[in-house]
Structures are given as structure tokens and as C-alpha cells.
Visitor: 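Quick one: structure below, then a few questions.
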Amino acid sequence: MKIAIAFLALVAIVSAASLSQVKIANKDFLEKQKFLFEIVYRVEDPLMFEEWIKLGEKFIIDKSYYSYYDEHMEKFWEAYKMGALLPRGEFFGALVKSHHKQAWGLFNFFYFAKDWETFMHNVCWARMHVNEGMFVYALTLAVIHRDDFEGLMLPTIYEIFPQYFFDSKFIYEAEKFDYDMWSKYIMYEKEFQDFYYKNNKNYNNGGYMYMKDWKMWQWWKLMGIDKSHWYAEENFMLRENIYEFNQDPKWNSMLKDVKMWWMPVDYTRDIDFYNKESALSYFTEDLGWNSYWYYLNMDYAFFLDGKTFGLNKDRRGEFWLYNIQKLMSRYYMERLSHGYGEIPEVFWMSEIEHGYVPHLISYNGVGFSYRPNYYDMTTFANVEMLNRIRGAFHRIEEIVDSGYYKMYDGTMVDLRKPEAIELIGSMLQSNMDVFDKYFFNYYYMYAFMSISDVDYHHMEVSPNIFLNFETMLRDPISYTFHKKISDVFFRFKDHLKPYTKDELMFPGVEIKDVHVSELVTYFDLVDFDVTNLLNDKMFFVDGKFVWDKTLLARQMRLNHKPFTFDFTILSDKHQKAAIRIFIAPKYDEFGRYIPMSENRENFFTLDKIVVDLEPGKNMISHSSDEFYWTEKDRTTYTELYHYVMMAYEGKYDLPLDITEPHCAFPNRLVLPRGWEKGMPMRMFFMVSPYEETNHQYSTFDVTYSCGIGTGSRFTDSKPFFYPFDRKIDEFDFYVPNMYFKDVEIYHLDTTKMYMKDEYKNFGKFDYTFLDNYYTKYFK
């Protein structure tokens, strides 16, 4: 989450007519925000805030306190009275049907509460009586979807439940962190390091016994840092935009009494790769990658109906499919960076060659199940349910090919119209807006229950990464399954006629040139806030919580240097236009050129922007830092809480653009890793007439909201994946308002400096890394 310190940046949605003024949070807003931050603090521990404990003594079930009261709410309350709710301490899976039913009822109690007081009473009660995972799931949904909560936020999901994002070894170390023991340990550290360095001078040449096994992101091995030890953070927490903060007196004053510690953490791969797919773990297990998928499925949760929540305005079915295509194309490009090829379709086979070991542990202390290499689906999966899923896909493909669907009452649904993609998307997600709920409800949930060997009515289940959105993308099988969904998307589109030259043309407009600056990726370091894992005593002074300790997970992650596009566009008159920017691989894993007719599925959307063209030559510059749908590093839970408390005490004006929208994609992941020698890629640019939609002029403010249900989550009325959403007729496809550019992505090795014998800072973190990051690599 991004805070503009020197100035408040005014951000507007691309279609807005004018910039809106940044709002300052009032006392009422700050009280609500303080409550939300405190109610999820160390959520798996007993609630320690006395004012919230008192509010949670009673759960409000009087129907007059709700704008709507349904059977899900009644069943939830009945289950509680009968002791049939999922107990606290048990693993919660959003894709376990029995868990989902209960979470639905709890969410409705939160969402349909008529006022804040009712909502707050219920949240406090649920915090103490309801399963931790179910509570966070329902609360997150309510905060996202309630219109009167616009601007309010929760910590990111990886700050609430770090257990779902970091390896179990690190989680154990964080949960047993003790300041007194740490203080005694460091008394002996210097003597130990001096001795160790003296006897391991040639550690880079093999003396350091497991150096041969180090991976790019295991940077602490090169620095000689002990992974099982906490280090005091004497400078500042690391992230790419930290200089916007630590040079501000307010920030330094706010955090001057907060003690910070960090520990290195790996992407669940310590020494050995389990199989070749493990080489992608830095990408598939990236926190930003997985949290993006989590929030997408919270924004458009399959059990929320479009009419009540306004999701149909956002073209929910098409938007969900578009995001799957986007993730599949991005994953495929990362595979090509390692010489891997097409995403295999192993989900439909009886035996899966590549296993997966998550090395994760649930908040209840139980480890996540793993899948061995050469996993036999017929032995370990729920075969009856799996066959049902295979049958559902076969049925869906037949429906798409036939071009119509006959309802039980004889009504014919036309699936040959372009707008029918909305129906296909709802069918594939099996959401509440699907046209035939009898056949297509819950099949998406059953797909992941089947491979997790969970039956329809299981309540207490073993932790499995496929049962929650925030963990499922870690496993390669997820990509084989979602690739199947993406294939159905293109199967439907292939039945539509290709765009004609007239449909693609923008009369009077031509792209003469696009200059693309150098594309460079590298691994940099970042700190993630894992303070929710702390296990020490909480301190209160005069009833006020004192947040005086912060734990940080220091991790390498993929990033890229900023890059720019400089467009030269000719126009015959003044007019509004939309520019689309895509990137795709040029060659497959064998070095063969990928024809445009095949490669269209692999194009990844970098950005869409709206511009005003003037008559004559238009010089337009656009930077990767300006990508509308992406975000930079988020402000941590610790910082946000202190900002809110400082504003609550009247010492700071809290701007409501303090958040980046939770729905944004990590900007640092828009480019694949590439090669040191340069990985050939193709970029595609297209200028088209700007066509507004009926919902463009909504009232939401993009500086602190995602605008879910407003219809303003897209640039214009064209299909999301336009112009690659249909088959390409190369005789008609190429028009003057399109432009292709061959580029290369270079990967910079930021660890080379530590592989030299003259590196003298052995056993200590090298803070000059950040100096290099802001000077050498970016100047």
C-alpha cells in the first residue's frame, strides 16, 4: 500500500472526466479502521482487546437489525447452537463445501447488518467463537463488498495468515521468537562469526559445505547469514519505495520506538529441488502472485449473485475468464524463461509425473499434505468426484460446440452471440449467475475437493493447498486445470467470425513508431510483515495497545527496471482513443517461431490507456510505473496501524489514498524473468476508437477502491482480450493502427558481487544492496 509523503498523488480512473480531490479520513472513519486492524491482530490467538471482548458477548440474531435475512443465516445460527460449526483451531477451506456453507451464513450476517454497530458486535462475537479461517474469509468479503465501507481495509492476506505464504521452518522460528533469548544470543554472535569466517575463508570456492546447492533467491548463503537466526533491523524495512517513507519526519517519529527484526526466508525450497517444476517456485509461490488470485476470487466470489452485488455490471463471467487467460499466458512465459514448454494437461491423466511439496503449515500446527512424484489419481484422489468433473467439462465442450443450450422448460439459450461469453464464464466458474444451476453449480469447487480427497460432507479435513484460493497457484496442477478453462474460453471464441479489416481499422489513425526502452529483470530484496506470528505478551498503557515489535520475513523476489513506451501516432483529427499494450513470446521452447494464429493465446496484457489524439503527429510517452491495473510494494500492517493511530490522536492527516486497491496486479511481475543474453519477445500495440460504456461514469474513487460492481473496472466496451479474443485472419488482421515490436528481456544477476572472495562483510547483511538498487541499476 502506497503513501505519498512529499505530496499526495491524485490518481483517477482512465475514463474519469476530471481528477477527484483526495479526502482526509475523519474521526468516524479512523475509529472503524482502528477496529478492523485490531480485530485481526494475531487472529489465531484469543482476543486481547477488552473493548472488543465486551462487544462480542452477544451475537445479534434479531431480524430487524438486518436488511435481508435468509436461510444461510438461519442455518449458521442453528449450527452454532447445536455445536456443529467448524471448531476453532481446525483447518478452514473456502472450497470445502461444508465449510463454504457455514462461511456463507456468517458473511451474510456481516454484509446485511443495517449499521456499523450491529456489524461490529457480530464481528467481535465471531472473532471469539468462530473458526479463525472462516472468520477472516467472511470478514474480508464483507469489507470488500459493503458499499458503506469504501476506503476501509484489512491487512493483506499474507499479513493476516503468513502461514499460507512462508515455509513451516520460518513459521516455527517466528512463533517461538523471544526478545530476551534473542538478546542473550547476540552476545555470543560476534565471537562465533569471527571464528567461523576465519575457518571458512574460501567458502565461495567450496569450503561452505552446501554452497553448491544455493539458489538465486537464497541470498543469505552468499552473505554467510544464519537462516535460523533473527537479526535486528537497524536501518529500515526493505522495499522498493521505502525512500518515499524513511526520509519523512512523520514516518521516523511514528516508528522510532518500534523494534524490528528480520529473518531470511526461502520459497519452500531449501536445498533440493523436488523435480524440475520446482525451479519456478520463486514465481508460483510469490506472495503478490498468489494474493492477486485470492482477491480476484473474493471480488467475484462464485456464490455472490450479480444482481444483489452489482457484479454483472463488471461483466463478471468474461472478466474472470480474462484473468485466467492472463495468468496462464504469464505463467507460460515464465516457463519459457527456463526452457520449459506448453502447460501440460496432466490434471486429466490417471498418473501425474511431477509432485509438489508445499512445506506449509496451517495456523493450527498441522502441515499441508504433499503430492509425490508419479502420483496415482485413481488411488489417492476422490475418483467418483473426479469423474464427475471430467464429465462436466465434456458436457461444457459439447454445449460450446453446439452453440445453444436447452433449458429444462424448453427455453433455448443462444451461445453464438459474442456477448454469450458472459454465460460461458458463469458456467465455467459455476457461479450464482449460471443459467442452469442444477447442472453447473459447484463443479469448480468439486474439482479441487476431488484432488484433495475431500467428500461432499466432510467437516474436519487435512490442510491442502487446493482448498483455498491463496495457496492453490503454488502447485503446477492448478495451471493444468485452469489452462483447461482457458481452452474452453478460446473454444467458444473460435466459433465466432474473425474480426474484419473494417472492424479493426481506426480510419485516419496510424502508429508510425513505438520506442521501447531496455527491458531488464533481476531479483531484489523485500521485507514482508509477519508480526501476526508473534507469541509474546501484548502490552497496553491506559487501555491503548502498544505495538512495539515487528517481525519481518526478508525474501528475494522477481522485479524489473522501469521501462517506457514512446509512441508516434498520426491522427487526422481530434479524437479520443484507447491504446492496448501486449507482450508475448516469439519462439517456443525449441526455438521455433510461433505463428500469430497460435500465439494469440499467449499475449499478456500489459496495460490499456485512454488518450486524446490531436490532428497531426502525437508523441505519447507511457511508463511501466503508470500501468493502471498494477501496484508497487504495499505499506506494511505495522506502518498502517501506526499511521491510523497517529491520525486518531490528531497528529496526522490520513489521506484516503493511503491504500492501493487490493485488486491490483504486482507491477514487478509483468515481465517474465528472461535470459542473461536476452530472451526474444514480441510486443503488440493497437490504437482503437474509445467507446464508452453505460457504466463508465460511476462515483467510486480509484485512489482507495476497486470499484467492484460499478462497471468501471474496464477501459471501454470492447471485449477484455480484444483483438486476440477471436481467430486471426492474417489477410485482414494487420492494419495501420497496429504495431509489432521485437524486443528482448535481459536478466541481471544481482548476486554476482557476493560470489567473489574479496567480499568482506561475511555474516552480515549488505545494505549497500539498496544503494546499488537505487543508483547502479536505475541510473
Side-chain angles (χ1 to χ4, degrees), residues 1-5 8-9 11 22-43 49 52 136 139-140 143-144 149-162 165 233 236-246 248-260 287-288 291 295 526-534 538 544-553 631-664 666 703-706:
M1 299 186 179
K2 183 167 43 185
I3 302 173
I5 296 298
L8 295 175
V11 185
V22 172
K23 303 173 184 176
I24 301 299
N26 57 29
K27 192 75 170 181
D28 178 64
F29 180 93
L30 293 170
E31 288 176 350
K32 294 176 180 178
Q33 188 59 76
K34 173 179 175 291
F35 167 75
L36 290 175
F37 280 160
E38 291 179 349
I39 205 67
V40 295
Y41 183 75
R42 286 157 64 167
V43 70
F49 296 88
W52 311 139
V136 170
L139 179 62
T140 303
V143 171
I144 287 174
F149 284 12
E150 195 171 55
L152 293 172
M153 58 178 163
L154 292 169
T156 57
I157 186 61
Y158 51 77
E159 292 173 323
I160 298 176
F161 283 132
F165 296 89
E233 177 52 75
F236 42 77
M237 58 185 72
L238 303 183
R239 65 172 178 271
E240 58 186 336
N241 56 358
I242 191 63
Y243 282 163
E244 298 177 19
F245 297 79
N246 70 342
D248 179 69
K250 289 281 188 183
W251 188 89
N252 288 305
S253 172
M254 180 179 69
L255 296 180
K256 64 181 175 64
D257 296 324
V258 178
K259 301 181 181 68
M260 299 182 188
L287 275 73
S291 61
Y295 284 114
V526 68
D527 286 338
F528 294 108
D529 192 340
V530 294
T531 308
N532 251 14
L533 296 174
L534 264 175
M538 294 174 61
K544 175 187 172 183
F545 172 51
V546 179
W547 188 317
D548 62 344
K549 296 185 183 70
T550 292
L551 297 184
L552 303 168
E631 67 177 354
K632 291 284 190 177
D633 286 344
R634 295 178 179 270
T635 308
T636 64
Y637 187 8
T638 298
E639 294 168 286
L640 287 170
Y641 182 77
H642 282 83
Y643 271 117
V644 168
M645 292 307 298
M646 190 163 60
Y648 187 76
E649 296 166 359
K651 300 176 183 177
Y652 177 67
D653 289 334
L654 186 78
L656 287 187
D657 69 343
I658 195 172
T659 73
E660 294 101 351
H662 64 265
C663 56
T703 60
Y704 57 81
S705 171
C706 282

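Here, residue 1 is the first one in the sequence, and each next residue gets the next number.
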Visitor: Flag this pair as yes if the NZ/CZ of K250 is under 6.0 angstrom from the six-membered ring centre of Y652 and inside a 45 degree cone about the axis; otherwise no.
Guide: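 So K250 doesn't make the cation-pi contact.
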
Visitor: What are the two closest heavy atoms between V136 and T140, and how far apart are they?
Guide: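 V136 and T140 have their closest heavy atoms at O-OG1, 2.7 Å.
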
Visitor: What is the distance from atom NZ of K27 to atom NZ of K32, rounded to the nearest 0.5 Å?
Guide: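 One finds 14.5 Å between NZ of K27 and NZ of K32.
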
Visitor: If you compare all heavy atoms of L152 against all heavy atoms of F29, which two are closest, and at what distance to 0.1 Å?
Guide: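 Smallest heavy-atom distance, with atoms named: CD2-CE1, 3.5 Å.
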
Visitor: Decide yes or no for L238 and F528: does some side-chain heavy atom of the first lie under 4.5 Å from some side-chain heavy atom of the second?
Guide: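 Heavy-atom side-chain distance check fails, nothing below 4.5 Å.
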
Visitor: Can you give me the closest heavy-atom contact between Q33 and M153, atom names plus distance?
Guide: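 It is NE2-O, 2.7 Å.
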
Visitor: With the threshold set at 4.0 Å, does a side-chain nitrogen-carboxylate oxygen contact exist between K34 and E38?
Guide: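 A salt bridge links K34 with E38.
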
Visitor: Apply the test side-chain contact (heavy atoms from CB on, under 4.5 Å) to residues Y637 and V40: give CA-CA distance (whole Å), side-chain angles for both, the deciding distance (0.1 Å), then the verdict.
Guide: CA-CA 11 Å; Y637 187 8; V40 295; 3.7 Å; yes

Visitor: Ion pair present between E639 and R239, side-chain N to carboxylate O less than 4.0 angstrom?
Guide: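 R239 and E639: salt-bridged.
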
Visitor: What's the spacing between D548 CG and K259 NZ if we round to 0.5 Å?
Guide: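 That separation rounds to 5.5 Å.
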
Visitor: Within the structure provided, determine whether F161 and V43 are in side-chain contact (heavy-atom separation under 4.5 Å).
Guide: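 Yes - at least one pair of side-chain heavy atoms lies under 4.5 Å apart.
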
Visitor: State, to 0.1 Å, how close A647 and L654 come at their nearest heavy-atom pair, and which atoms those are.
Guide: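 For A647 and L654, the tightest heavy-atom pair comes out as CB-CB, 3.8 Å.
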
Visitor: Kindly indicate, with the supporting measurements, whether the criterion side-chain contact (heavy atoms from CB on, under 4.5 Å) is fulfilled by H662 and T156.
Guide: CA-CA 8 Å; H662 64 265; T156 57; over 6 Å; no

Visitor: Measure the CZ-CZ distance between F49 and F545 for me, rounded to the nearest 0.5 Å.
Guide: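 If we round to the nearest 0.5 Å, F49:CZ and F545:CZ are 5.0 Å apart.
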
Visitor: L534 vs L551, test: side-chain contact (heavy atoms from CB on, under 4.5 Å). Steps then yes/no.
Guide: CA-CA 7 Å; L534 264 175; L551 297 184; 3.8 Å; yes

Visitor: How many angstroms lie between atom OG1 of T636 and atom OH of Y641, to the nearest 0.5 angstrom?
Guide: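 Rounded to the nearest 0.5 Å, the OG1-OH separation comes out at 13.5 Å.
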
Visitor: So does I157 get a backbone contact from the side chain of Y295, meaning a donor-acceptor N/O pair under 3.5 Å?
Guide: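 Indeed, once roles are kept as given, a pair shorter than 3.5 Å links the two residues.
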
Visitor: Working to the nearest 0.5 angstrom, can you tell me the gap between M646 CE and K651 NZ?
Guide: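 So the gap between those two atoms works out to 8.5 Å.
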
Visitor: Hey, does the side chain of E159 reach the backbone of D529 with a donor-acceptor pair shorter than 3.5 angstrom?
Guide: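 Answer holds: no.
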
Visitor: Kindly say whether the aromatic ring centers of Y41 and W547 come within a distance under 6.0 Å.
Guide: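 Y41 vs W547: aromatic centres under 6.0 Å.
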
Visitor: Hey, does the side chain of S291 reach the backbone of L287 with a donor-acceptor pair shorter than 3.5 angstrom?
Guide: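 Looks like yes, one N/O pair under 3.5 Å.
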
Visitor: Rounded to the nearest 0.5 Å, what separates atom OG in S253 from atom CG in D248?
Guide: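 Rounded to the nearest 0.5 Å, the OG-CG separation comes to 9.5 Å.
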
Visitor: Can W251 and I242 be said to form a side-chain contact (heavy atoms from CB on, under 4.5 Å), step by step?
Guide: CA-CA 11 Å; W251 188 89; I242 191 63; 4.1 Å; yes

Visitor: Does V258 offer a backbone N or O that forms a donor-acceptor pair with the side chain of K549 under 3.5 Å?
Guide: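 Flag not set: sc K549 to bb V258 has no pair under 3.5 Å.
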
Visitor: Tell me the closest heavy-atom pair linking M237 and D527, and the distance in Å.
Guide: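 So the two residues come closest at CA-OD2, 3.3 Å.
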
Visitor: I would like to know whether K544 and E649 meet salt bridge (Lys or Arg N to Asp or Glu O under 4.0 Å); could you show each step before the answer?
Guide: CA-CA 11 Å; K544 175 187 172 183; E649 296 166 359; 2.4 Å; yes

Visitor: Which heavy atom of I160 sits nearest to which heavy atom of P155, and what is that distance?
Guide: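 In terms of heavy atoms, the two residues are closest at CD1-O, 3.5 Å.
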
